[in-house]
Amino acid sequence: DTAVSQTPKYLVTQMGNDKSIKCEQNLGHDTMYWYKQDSKKFLKIMFSYNNKELIINETVPNRFSPKSPDKAHLNLHINSLELGDSAVYFCASSQFMGIHNEKLFFGSGTQLSVL
Amino acid sequence: QKEVEQNSGPLSVPEGAIASLNCTYSDRGSQSFFWYRQYSGKSPELIMFIYSNGDKEDGRFTAQLNKASQYVSLLIRDSQPSDSATYLCASPGGNRDDKIIFGKGTRLHILP
């Protein structure tokens with residue numbers, strides 16, 4: 001009965017490979033996000049979706065492609081992985097978007113290590 | 001570009017003392033702030049939300065917002081070793097395509 005679940009928890013792969021991270025929320029929220037947290041713990045938004053519609057698309061290489069088949073799921077596909085992609089990727093959801101009390105619920109994170 | 005600034009620390013506080021964490025922000029239009037706690041290797045979890053000027057208390061935690069000076073703080077009374085974590089200040093947007101901006105976090109270490 002985990003609220004926001006993402007898989008896998010750990011992902012170790014070689015440079016140049018393609019990988020995907022999946023996220024699902026059972027909170028009935030309309031909005032989902034991908035955040036990247038680097039080694040210095042800085043948490044930066046990558047994408048947000050509201051009811052399957054892409055709302056925020058930060059300055060992220062186009063090797064990163066999010067997909068939201070429905071409002072409960074948001075996946076992240078990464079092509080041609082690079083060393084600099086190594087980080088923890090967090091999925092999150094919120095009930096609303098663009099209001100002042102928009103609380104985020106985070107998944108447990110995916111530790112991506114590119115060798 | 002909206003910014004939320006925090007001292008990265010580490011901030012070391014003796015057990016039982018008050019831990020004071022601060023955050024400043026650049027956007028005068030920011031209306032509200034969140035404090036998230038993140039244990040090492042875990043995901044951020046929401047601990048406080050403040051919207052109005054002044055203080056908001058929840059158990060051992062007090063959030064303070066001063067819109068005139070553009071700072072927000074989190075006080076933790078009777079600090080416990082279990083409070084050792086990174087504390088992230090965040091400001092949500094007021095518009096649909098606004099981003100939630102996080103500070104870089106302050107590492108808090110409670111000394112037993």
Side-chain angles (χ1 to χ4, degrees), chain A residues 2-7 9-10 21 23 25 27 29-51 53-60 87-113, chain B residues 1-11 23 25 27-53 56 58 63 65 67 72 85-108:
Chain A
T2 306
V4 182
S5 58
Q6 58 181 105
T7 54
K9 191 165 174 61
Y10 300 99
I21 308 172
C23 181
Q25 54 96 3
L27 296 167
H29 288 170
D30 284 347
T31 309
M32 296 184 74
Y33 310 80
W34 280 112
Y35 278 85
K36 179 180 179 181
Q37 189 169 47
D38 61 25
S39 56
K40 295 184 177 173
K41 301 294 186 189
F42 185 37
L43 198 59
K44 194 160 183 240
I45 192 166
M46 300 173 71
F47 303 102
S48 73
Y49 272 77
N50 182 255
N51 262 320
E53 180 188 355
L54 179 65
I55 303 297
I56 292 174
N57 184 351
E58 275 298 276
T59 311
V60 173
V88 180
Y89 292 84
F90 285 104
C91 176
S93 74
S94 66
Q95 187 173 12
F96 305 112
M97 185 169 191
I99 62 169
H100 64 84
N101 61 350
E102 184 185 348
K103 299 169 189 170
L104 293 177
F105 294 81
F106 286 88
S108 58
T110 296
Q111 171 84 58
L112 172 64
S113 299
Chain B
Q1 176 88 0
K2 289 191 290 187
E3 288 185 346
V4 174
E5 301 279 349
Q6 293 181 259
N7 187 324
S8 61
L11 174 66
C23 171
Y25 58 95
D27 183 6
R28 284 201 168 272
S30 295
Q31 299 181 52
S32 57
F33 294 86
F34 295 100
W35 283 99
Y36 286 82
R37 177 178 62 199
Q38 186 175 22
Y39 291 115
S40 181
K42 301 293 185 184
S43 56
E45 58 175 327
L46 180 67
I47 55 172
M48 287 290 281
F49 163 69
I50 187 164
Y51 174 68
S52 304
N53 260 336
K56 180 181 177 183
D58 184 1
L65 175 57
K67 291 186 179 181
V72 57
T86 296
Y87 289 81
L88 303 164
C89 175
S91 176
N95 298 314
R96 189 166 181 249
D97 54 357
D98 270 354
K99 297 171 286 193
I100 300 174
I101 304 293
F102 280 85
K104 294 188 178 182
T106 299
R107 259 192 313 133
L108 175 65

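We name chains A, B, ... by the order of the sequence lines, and we start the count at 1 in each one.
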Please confirm whether the backbone N or O of A:G107 pairs with a side-chain atom of B:S43, one donor and one acceptor, at under 3.5 Å? yes

Which heavy atom of B:P44 sits nearest a heavy atom of A:F106, and at what distance? O-CD1, 3.4 Å

B:E5: salt bridge (charged side-chain N to carboxylate O under 4.0 Å, His left out) partners, not counting sequence neighbours: none

Using heavy-atom distances under 4.5 Å, tell me whether A:Q111 contacts chain B through its side chain, its backbone, both, or neither. neither

With only heavy atoms counted, which part of A:L43 is less than 4.5 Å from chain B, the side chain, the backbone, both or neither? both

Output, in order, the C-alpha distance, side-chain angles, deciding distance and verdict of side-chain contact (heavy atoms from CB on, under 4.5 Å) for B:F102 and A:K44. CA-CA 7 Å; B:F102 280 85; A:K44 194 160 183 240; over 6 Å; no

Does atom NZ (B:K104) have a neighbourhood of more than 12 heavy atoms from anything else shown, all under 6.0 Å? no

Which heavy atom of B:L88 sits nearest a heavy atom of A:K41, and at what distance? CD2-O, 4.5 Å

Does atom CZ (B:R107) have a neighbourhood of more than 12 heavy atoms from anything else shown, all under 6.0 Å? no

Only counting residues at least two apart or in another chain, list the ones meeting side-chain hydrogen bond (donor to acceptor under 3.5 Å, both in side chains) with B:T86. none

Please evaluate residues B:I100 and A:Y35 with respect to the criterion side-chain contact (heavy atoms from CB on, under 4.5 Å), reporting the C-alpha separation (whole Å), side-chain torsions for both, the decisive distance (0.1 Å), and the verdict. CA-CA 10 Å; B:I100 300 174; A:Y35 278 85; 3.5 Å; yes

Count the heavy atoms of every other residue, nucleotide or ligand shown that sit under 6.0 Å from NZ of A:K9, and state whether that count exceeds 12. yes

With a 4.5 Å heavy-atom cut-off, do B:Y36 and A:L104 have their side chains touching? yes

Side chain / backbone / both / neither for B:K42 at chain A, heavy atoms under 4.5 Å: backbone

B:E45 portion near chain A, given a 4.5 angstrom heavy-atom threshold: neither

